[in-house]
2 protein chains.
Amino acid sequence: MNGIGMLGLDEMAVVFEQSICFRGLKPQARHAMAAKAISIPFAKGDTIFHANDPQRHFYLVAKGLVRVSICSLEGHRLTYLLAVAGEPLNLVSTFSKKPRMIEARAMRDSMVVLLKQTDFIAFAFQHPSVISAIITVLGNAVDSANSRILDMVGKNVDQRMRRILHALYLKFGPTLRFTSIEIAEMIGTTVESSLRALSKLRKKGLITTQRSRIDILKPEAFADSDSGMLWL
Amino acid sequence: MNGIGMLGLDEMAVVFEQSICFRGLKPQARHAMAAKAISIPFAKGDTIFHANDPQRHFYLVAKGLVRVSICSLEGHRLTYLLAVAGEPLNLVSTFSKKPRMIEARAMRDSMVVLLKQTDFIAFAFQHPSVISAIITVLGNAVDSANSRILDMVGKNVDQRMRRILHALYLKFGPTLRFTSIEIAEMIGTTVESSLRALSKLRKKGLITTQRSRIDILKPEAFADSDSGMLWL
DNA sequence: CGGAGAATTGATCACAATCAATCGAGGTGG
DNA sequence: CCACCTCGATTGATTGTGATCAATTCTCCG
């Protein structure tokens, strides 16, 4: 059960402890769930699941960073979630059977914990706090998505860039290790446009950029009194 | 308890019976909930709740049509849900305390049923099928919102118009009683642009238009093999 | 080194927002 | 009953933003 690159029971317990979905549960309940979980390591760049894969498991990030994105038939990709340790990858598809156009990919070497769908659902219904957490996460997803739609309508690329950088700053701190392509897929624009936006910010002295890296120099300048918080 | 324009217990029972959230429950459970509910009539044009109102109730449409929309500080409004009998108005804010920028307005004379937040939450946790329904509704909302974001990125106004009309056709049938302003707020564009799009469809013979009314002549022409279903 | 992927900047073009003006329909009050 | 007023519909003209195409440089890594 404890093969190479897998998590020991203790490490697994820590993952569940820090997870949005399971925190606040009694230790023995968490352990019961941890005992049924399996952990799988993914190297940077690996695909964890593909678009339209039928989902039989509930995925939880234990370590690393996983990008969850949706893809249109035209080939546009939109990054929807950057999941760090404790965050679930596929809450929605865990509960409704129908497949979704979502895809998960490890952006760094990562460890992912899998629970059988049936186990997780049964567990959730026995623990109201898990249900609460699920509804909260889904609620945030709805809010965030609607907020992004409003952004697409009312804000230009520059403004959306500021908002995304601010959100990333809050989640990851001042040093952001993302490529312009990745940033563009979060904003919903092209690489060129996002580079032009970054270029303006650089000239204003608000950021510095290197290959695959953006440093926020003046976080204050990105705080928007504006509309709802952006989640990633 | 049964003032003018209010619902009798029997009518109330019917509402709960046809509601996405409560269907499938035992009659006595539904009646217990119906007994705690109050019903309020709203005239066409009335506001049911405003943006940033603190939400203390769970709202369910009993009769009529209610538009739920979010509004940005710049004044852009995006219609998010057209709720008919049985549909909830504020699932998300019922479960998370923080206020949202959503607003509900009666588009026709409507009857709305209110449940105290605490009553509804307690009830939901006693009935797994209600929880399932809630998660399904939220899941659809997430899917739909993400699908709309992809539309904003990859589709032009004409294509988005086709998609919205198709979604409206599925929900309301071939005769759509909406103004161009309302349609524009669903698509996320301006009145003028939506009128131009409608004009093209009219010239193609796919629709006819009158004041505050659109008739779909060839529904087949709107079916998109494309991306995920749009919910309204 | 050499190659692949990332960054950068320029030039062009199309779509849709904006501004503007007119028309039409329905509702209200004198 | 007619005059009027408001809101919706419609079309034209103009403009700006961002997508697209293209070319070059840079950087990391094998």
Side-chain angles (χ1 to χ4, degrees), chain A residues 43-45 67 72 74-79 105 107-109 148-165 176-204 207-215, chain B residues 43-45 67 72 74-79 105 107 148-165 176-204 207-215:
Chain A
K44 176 176 177 171
R67 179 192 71 188
S72 71
E74 300 103 330
H76 286 102
R77 157 170 280 113
L78 188 84
T79 295
R105 190 162 165 273
M107 302 195 70
R108 307 193 204 139
D109 292 345
R148 289 175 82 164
I149 298 177
L150 279 181
D151 278 6
M152 298 296 301
V153 178
K155 295 211 181 7
N156 61 23
V157 171
D158 290 349
Q159 295 169 306
R160 304 208 303 272
M161 175 65 78
R162 291 177 102 94
R163 243 159 94 70
I164 285 284
L165 290 183
L176 307 173
R177 308 195 157 275
F178 300 101
T179 67
S180 303
I181 300 175
E182 288 160 354
I183 297 280
E185 286 172 351
M186 299 180 209
I187 299 182
T189 184
T190 58
V191 198
E192 295 93 330
S193 294
S194 69
L195 275 162
R196 285 182 229 273
L198 285 174
S199 177
K200 288 183 198 169
L201 293 175
R202 208 183 321 120
K203 281 171 191 149
K204 284 185 186 163
I207 60 169
T208 57
T209 60
Q210 299 168 42
R211 184 191 178 86
S212 301
R213 174 172 173 170
I214 299 169
D215 285 86
Chain B
K44 176 175 178 173
R67 179 192 71 187
S72 71
E74 299 103 331
H76 286 100
R77 157 170 282 115
L78 189 82
T79 296
R105 191 162 165 273
M107 301 194 70
R148 289 176 82 166
I149 298 177
L150 279 181
D151 278 6
M152 298 296 302
V153 178
K155 295 213 186 351
N156 61 24
V157 171
D158 290 351
Q159 294 169 308
R160 303 210 301 272
M161 175 65 78
R162 291 177 102 94
R163 244 160 92 72
I164 284 285
L165 290 181
L176 306 174
R177 307 195 157 274
F178 300 101
T179 68
S180 303
I181 300 174
E182 289 159 354
I183 298 278
E185 286 172 350
M186 299 181 208
I187 298 182
T189 184
T190 58
V191 198
E192 294 93 329
S193 293
S194 71
L195 275 162
R196 285 182 230 274
L198 285 174
S199 177
K200 287 184 198 167
L201 293 173
R202 208 182 321 122
K203 279 171 190 146
K204 283 184 186 162
I207 61 170
T208 58
T209 59
Q210 299 168 42
R211 185 189 178 86
S212 303
R213 176 172 170 168
I214 299 168
D215 286 87

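Every chain is numbered from 1 and lettered A, B, ... according to where its sequence line falls, protein lines coming before strand lines. Keep in mind that the numbers below use all heavy atoms, side chains included, and drop hydrogens, waters and symmetry copies. On a predicted model such as this, the values are computed, not experimentally measured, just so you know.
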Specify the separation, in whole Å, of atom [atom1] of [X] and atom [atom2] of [N].
X      : N      : atom1 : atom2 : result
B/H76  : C/dA17 : NE2   : C1'   : 9 Å
A/D158 : D/dG16 : CG    : C1'   : 13 Å
B/M152 : C/dC15 : CE    : C1'   : 13 Å
A/K44  : D/dC29 : NZ    : C1'   : 12 Å
A/M161 : C/dA7  : CE    : P     : 11 Å
A/Q210 : D/dT25 : CD    : C1'   : 17 Å
A/N156 : D/dA19 : CG    : C1'   : 15 Å
A/K155 : D/dG16 : NZ    : P     : 21 Å

Query raised in the report: Within the pair B/S180 and D/dA9, is there a side-chain N or O less than 4.0 Å away from OP1 or OP2?
Result: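 Yes, within the criterion.
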Requested in this report: Respond yes when some side-chain nitrogen or oxygen of A/T209 is under 4.0 Å from OP1 or OP2 of C/dT8, and no when none is.
Outcome: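 A/T209 to C/dT8 OP1/OP2: side-chain N or O found under 4.0 Å.
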Requested in this report: Would you give the length of the straight line joining atom CZ of A/F178 to atom CE of A/M186, rounded to the nearest 0.5 angstrom?
Outcome: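 It is 4.5 Å, given to the nearest 0.5 Å.
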Query raised in the report: Got a second to check how far B/T189's OG1 is from B/M161's CE, nearest 0.5 Å?
Result: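 Output value for this atom pair is 8.0 Å.
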Side chain of [X], heavy atoms from C-beta onward: which of [options] has the nearest atom to it?
X      : options               : value
A/T190 : D/dC28, D/dA9, D/dT20 : D/dT20
B/T189 : C/dA17, C/dA6, D/dG8  : C/dA17
A/V157 : D/dC28, D/dA9, D/dG18 : D/dG18

Requested in this report: Any chance you could lay out the salt bridge (Lys or Arg N to Asp or Glu O under 4.0 Å) test for A/D158 and A/R160, step after step, and finish with the verdict?
Outcome: CA-CA 5 Å; A/D158 290 349; A/R160 304 208 303 272; over 6 Å; no
Requested in this report: Locate the shortest heavy-atom distance separating A/K44 from A/M107; write the atom from each residue and the value.
Outcome: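 For A/K44 versus A/M107, the nearest heavy atoms are CG-O, 3.3 Å.
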Requested in this report: Kindly give the heavy-atom pair with the smallest separation between A/V153 and B/M152, and that separation in Å.
Outcome: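 The answer is CG2-CE, 3.7 Å.
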Report task. Please name the residue in the list B/L165, B/I207, B/I164, B/T209 that meets the side chain to side chain contact (heavy atoms under 4.5 Å, CB included) test with B/L176. Result ->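 For B/L176, the side chain to side chain contact (heavy atoms under 4.5 Å, CB included) check succeeds only for B/L165.
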Requested in this report: Scan A/R160 against the nucleic acid and name what it touches under 4.0 Å (heavy atoms): base, sugar-phosphate only, or nothing.
Outcome: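 The residue A/R160 makes no contact with any strand.
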Requested in this report: Classify the nucleic acid contact of B/R202 as base, sugar-phosphate or nothing, counting any heavy atom under 4.0 Å across all strands shown.
Outcome: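 Sugar-phosphate, no base atom in range.
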**Report entry** Within residues 191-201 of chain A: residues closer than 4.0 Å to DNA chain C (heavy atoms)
**Finding:**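 Hits under 4.0 Å, by residue number: A/E192, A/L195, A/R196, A/S199.
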Report task. Evaluate the criterion salt bridge (Lys or Arg N to Asp or Glu O under 4.0 Å) for residue pair B/E182 and B/R67; output intermediate values, then yes/no. Result -> CA-CA 10 Å; B/E182 289 159 354; B/R67 179 192 71 187; 5.4 Å; no
